[in-house]
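Notes to accompany the following structure.
Quick caveat: nothing in here was measured; it's all calculated off a predicted structure.
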Amino acid sequence: MLESLEGKVALITGAGRGIGRAIALALASQGCSLAICANVKDEIDKVADEIEQLGAKVLALCLDLSRREDCVLFVKKTLDRYGTVDFLINCAGVIFQKPLLEQSLEEWDTTMNVNLRSYFILTQEVLKIMKEKRDGYIINIASTAVQGPRGDLVAYGVSKYGVQGLSRTTYDASVRYGFGVRVSTIYPGAVDTSMARSLDFLKDEKNWILPEDIAEAVVFLLTTPKRVLIRDLVVENCAV
């Protein structure tokens, strides 16, 4: 029997557009209460309106996840509003298409801070809550970039390798210390988002994965019975 998501609290980063927005709307339609954030106020406010139209509760914040204070504040505000966190979906991401020798240290730091460091900070913060009730689910959005790294996506590719490692070490910690928290990683291929369409090598892509496809994968994981763990879920483009 599938698990019910009714009344669960989901914390989602990068929810202002693309994959994060699609996940937020999908979970709202399943009866979840949402805490969502993005770094553009107009975008996150618009998504909050869409969620409310679905009849779900929502806390929407404009935050800079490269700052530790904002990551911690996101969890604190969620607890103030709902009292708990059941699901964490780390989805925020940035990308710079630069060859290795042209990648600036500032771009590297920005990528690592948003794509990996924020995932680590938020994971630490929510685990403090989840371990007390021995229940919870953390889903990290990585990329098929870890299968075929590109020399013009240096910081992005390395950050996604880091997400993979974070997921696996987090799950090991959950088992080792009895937290009772499941952890999964989703590896999307070319998803039809503004970020992906900004990349030169995808300009001729015809078979885009839709953000809603990734959202369906998240719902599938969260509703899968607790006795089952799907550690890695790869969503690749179909060559038709």
Side-chain angles (χ1 to χ4, degrees), residues 1-15 20 23-24 26-28 30-38 48 51 56-61 63-92 113-142 162-186 217-233:
M1 179 179 294
L2 297 180
E3 299 286 334
S4 172
L5 303 184
E6 189 72 33
K8 298 292 187 179
V9 176
L11 190 155
I12 307 170
T13 67
I23 293 172
L27 295 189
Q30 293 285 323
C32 280
S33 296
L34 282 298
I36 59 174
C37 76
I51 291 170
K57 298 176 182 177
V58 60
L59 168 67
L61 298 173
L63 300 171
D64 177 2
L65 294 183
S66 68
R67 293 163 41 89
R68 182 182 186 279
E69 310 91 280
D70 281 21
C71 294
V72 173
L73 179 65
F74 190 24
V75 178
K76 180 182 183 302
K77 291 285 189 181
T78 302
L79 289 177
D80 290 344
R81 175 71 179 271
Y82 299 118
T84 192
V85 175
D86 297 295
F87 310 135
L88 167 64
I89 296 95
N90 280 311
C91 191
N113 287 342
V114 175
N115 293 14
L116 181 57
R117 186 171 178 264
S118 74
Y119 288 34
F120 166 70
I121 296 169
L122 288 164
T123 294
Q124 276 195 326
E125 293 299 310
V126 301
L127 273 177
K128 297 173 185 176
I129 304 156
M130 292 176 176
K131 72 182 183 67
E132 294 301 321
K133 57 184 181 179
R134 292 180 51 80
D135 190 24
Y137 208 142
I138 297 171
I139 297 177
N140 293 322
I141 305 298
V163 169
Q164 180 184 65
L166 176 63
S167 292
R168 293 182 178 182
T169 53
T170 302
Y171 178 69
D172 180 77
S174 178
V175 173
R176 189 178 299 270
Y177 303 113
F179 294 162
V181 175
R182 288 184 293 172
V183 185
S184 297
T185 313
I186 297 178
V218 170
V219 171
F220 167 71
L221 290 173
L222 295 181
T223 56
T224 297
K226 292 178 182 177
R227 64 181 179 274
V228 178
L229 171 70
I230 300 170
R231 188 169 71 173
D232 296 326
L233 182 59

Handout entry: Heavy-atom donor-acceptor pair, Asp70 side chain to Leu63 backbone, under 3.5 Å
Key = no
Exercise for the section: Determine the minimum heavy-atom distance between Ala15 and Ile36, stating which atoms define it. Expected result: CB-CB, 3.7 Å
Fill in the blank from the handout: Correct closest heavy-atom pair for Ala56 and Ala28 would be CB-CB, 3.7 Å
Problem - Criterion side-chain contact (heavy atoms from CB on, under 4.5 Å) against Arg168, the qualifying member of Thr185, Asp232, Val163 - result: Asp232
Practice task
Please round to the nearest 0.5 Å and tell me the distance separating atom CG of Asn140 and atom CG of Asn115.
Solution key: 11.5 Å
Fill in the blank from the handout: Here the gap from Asp135 atom CG to Lys8 atom NZ, rounded to the nearest 0.5 Å, amounts to 5.5 Å
Fill in the blank from the handout: Residue set satisfying side chain to side chain contact (heavy atoms under 4.5 Å, CB included) with Asp172, at least two apart, ordered chain then number -> Arg176
Problem - Ser33 (side chain) donor-acceptor with Lys57 (main chain) under 3.5 angstrom - result: no
Problem - Arg81 atom CZ, over 12 foreign heavy atoms within 6.0 Å - result: yes
Handout entry: Considering all heavy atoms, the nearest Thr224-Arg182 contact
Key = O-NH1, 3.2 Å
Problem - Side-chain heavy atoms of Leu27 within contact of Ile89, under 4.5 Å - result: yes
Exercise for the section: Flag the pair Thr78 / Val126 as yes when at least one side-chain heavy-atom distance between them is below 4.5 Å, and no otherwise. Expected result: no
Handout entry: Distance, nearest 0.5 Å, that separates CD1 of Ile12 from CG of Leu122
Key = 12.5 Å
Handout entry: Non-hydrogen side-chain atoms of Lys76 and Glu125 separated by less than 4.5 Å
Key = no
Completion exercise
Between the SG atom in Cys37 and the CG atom in Leu61, the distance rounded to the nearest 0.5 Å is 7.0 Å
Handout entry: Separation between CD1 of Ile23 and CZ of Phe87, rounded to the nearest 0.5 Å
Key = 12.5 Å
Problem - For Val175, all residues meeting side chain to side chain contact (heavy atoms under 4.5 Å, CB included), sequence neighbours excluded - result: Tyr171
Handout entry: Any donor-acceptor pair under 3.5 Å from Thr223 side chain to Leu2 backbone
Key = no
Problem - Rounded distance [0.5 Å steps], CG in Asp86 versus CD1 in Ile138 - result: 12.0 Å
Problem - For the student: nearest non-hydrogen atoms of Ser167 and Ser184, plus distance - result: OG-O, 4.2 Å
Completion exercise
Between Phe74 and Leu11, the two heavy atoms sitting closest are CE2-CD2, 3.0 Å
Handout entry: Student check: side-chain heavy atoms of Val183 and Thr123 closer than 4.5 Å
Key = no
Practice task
Kindly indicate whether the side chain of Ile139, heavy atoms from C-beta on, has any atom under 4.5 Å from the side chain of Leu233.
Solution key: no
Practice task
Determine the minimum heavy-atom distance between Phe220 and Ile230, stating which atoms define it.
Solution key: CE2-CD1, 3.3 Å
Exercise for the section: For residues Leu127 and Thr170, determine if any side-chain heavy atom of one lies less than 4.5 Å from a side-chain heavy atom of the other. Expected result: yes
Exercise for the section: Could you tell me whether the side chain of Leu222 reaches within less than 4.5 Å of the side chain of Glu3, counting heavy atoms only? Expected result: no
Handout entry: side chain to side chain contact (heavy atoms under 4.5 Å, CB included) partners for Ser118, two or more places apart
Key = Leu65, Cys71
